[in-house]
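Indexing begins at 1, ligand by ligand and atom by atom, following the structure's order. Keep in mind that what you see is a predicted model, and the values were worked out from it rather than measured.
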Amino acid sequence: MATTTGSLDPEAMLDTAPCGYLAFADDGTVRYANTTICRMLGRSREDVVGKHVERIMTVGTKIFYQTHLFPLLKMSGHADEIFLLLAAASGDEVAVLLSAARQERGGDILNECVFMPVRERRKFEEALLQAKAEAERTAKELRAANRLLEEQAVELEMSQEQLSEQAAALEEQQQDLVMMNQELVKSSAELARLTEVANEANRAKSAFLAAMSHELRTPLNAIGGYAQLLEMGVHGPVTEGQVDALHKVTRSQRHLLRLINEILNLARIESGTLNYRMQMHPLNDVVLAVIPMVEPQLHQREQRLEVSVPAGLEVYADREKLEQIILNLLGNSVKFTPERGEIRLSAAPASGSGGLVEIQISDTGIGIPADRLQAIFEPFIQVEVTPSARSEGTGLGLSISRDLARGMGGDLVAHSELGVGSTFVLTLRSSENSKPVS
Ligand code: ADP
């Protein structure tokens, strides 16, 4: 039995109690709803009181109410702490905990319900559900990551195997390299030894040539000298036949002497011991110094020499060796050109390539067969065109001349037509900065 104490009004207290309160008859009509439940649902009292209680329920709650809640209430007279979703006027769902009891009020049966909002609990439930979903997702990801790791571990194992194989192969190669290196060291030691042997042999060859030339030149000079004395009648009168024989002796003696000198010359070039004193020289000067040396033969054979060297044209050469080459080429032209023949010496900057000078010596002589044009630059090669021409030479002049030309960064080549004449082209550098011919 409720009691009133002082100014307390139980009805007003129920109306604004901190929980929703609603009573409905068995036919579902709401008989009473306090302000708290109306506020919780955002509904006016008219919207609730006098209406069916299902009006404030969501569809799911309605089904639950009809199938479980109401039968339970009728059967047991109460229902405790049941979680329900109510429908607010806005359409939002309002989560509540319901406790209900059937009471008899003034001869009427009323189902009285108390609603506690469970917003926090729902929030926690949702958070829990989210956390659970998150955890499941993370677990799934973890499982996937784990699978990946396992796969990578397998791959790593495989690569490790490959690496070990490669390392073994590398080690083998390294061993091979070490062996090859040892071989190389051995070979280079052998090479050094052979080079030393070759150098020794070369030194011996030079010493031998020097000794031989001395040993041969001394008696040859003596032969020449005594032959001349005999010819002059110092040792008594000589007959015409004896004079003729003595002439042959001295001619052979001069030939032998020249041969020895040229062999010595070639040996020096080939051993690489020849020094070149390279300088700029006016070409005219060089040519003018050589011509007097061939003039007696030119005169004797009534040959004409035409010289055409532009004034101021200079060459970068060793003067002595250049004179030797020009003398040899002019000497050959004189030798292999018939009497009253023509010889021409001309020079000009080489066309096309910069920094080179070409000196041409041509004649109207016997010419050289095309298939011998290369061979004549080999030592001791002579073209047997006329026996007399052959006997006068040593076959070394052109070989020496080409070697000297190349030693100065130039070259020497021949063009010829048999029976018409020959042209020898000597190419030289026009300055220290000119590129060598090859
Ligand atoms: P050598 O003149 O002492 O025989 P070279 O080496 O100077 O030796 O010449 C080799 C050969 O080349 C000569 O024997 C000759 O057959 C040929 N030769 C050289 N120059 C001429 C030339 N101007 N005309 C024809 N033949 C030549």
In ligand 1, which numbered atoms sit nearer than 4.0 Å to a non-hydrogen atom of [X]?
X	result
Gly367	25 (C)
Leu396	6 (O), 8 (O)
Gly397	5 (P), 6 (O), 7 (O), 8 (O)
Ile381	10 (C), 11 (C)
Lys335	1 (P), 2 (O), 3 (O)

What part of Phe424 sits under 4.0 Å from ligand 1 if we count only heavy atoms: the side chain, the backbone, both or neither?
-> side chain
Can you tell which part of Ile368 has a heavy atom less than 4.0 Å from ligand 1: side chain, backbone, both or neither?
-> side chain
Closest heavy-atom approach to atom 1 (P) of ligand 1 among Ser362, Ser422, Gly395, Ser399 is made by Gly395
Does the side chain of Leu86 come within less than 4.5 Å of Glu93's, by heavy atoms?
-> no
Does some side-chain heavy atom of Leu398 sit less than 4.5 Å from a side-chain heavy atom of Asn332?
-> yes
Quiz: residues 223-237 side-chain donor-acceptor pairs under 3.5 angstrom, not counting sequence neighbours:
residue, atom, partner, partner atom, Å
Glu231, OE2, His247, NE2, 3.3

Applying ring pair (Phe, Tyr, Trp, His ring centres under 6.0 Å), name anything that partners His68, two or more places apart in sequence or on another chain.
-> Phe64
Salt-bridge contact Arg193-Glu196 (side-chain N to carboxylate O under 4.0 Å) | no
Return yes when atom CD of Glu240 has more than 12 non-hydrogen atoms of other residues, nucleotides or ligands closer than 6.0 Å, and no otherwise.
-> no
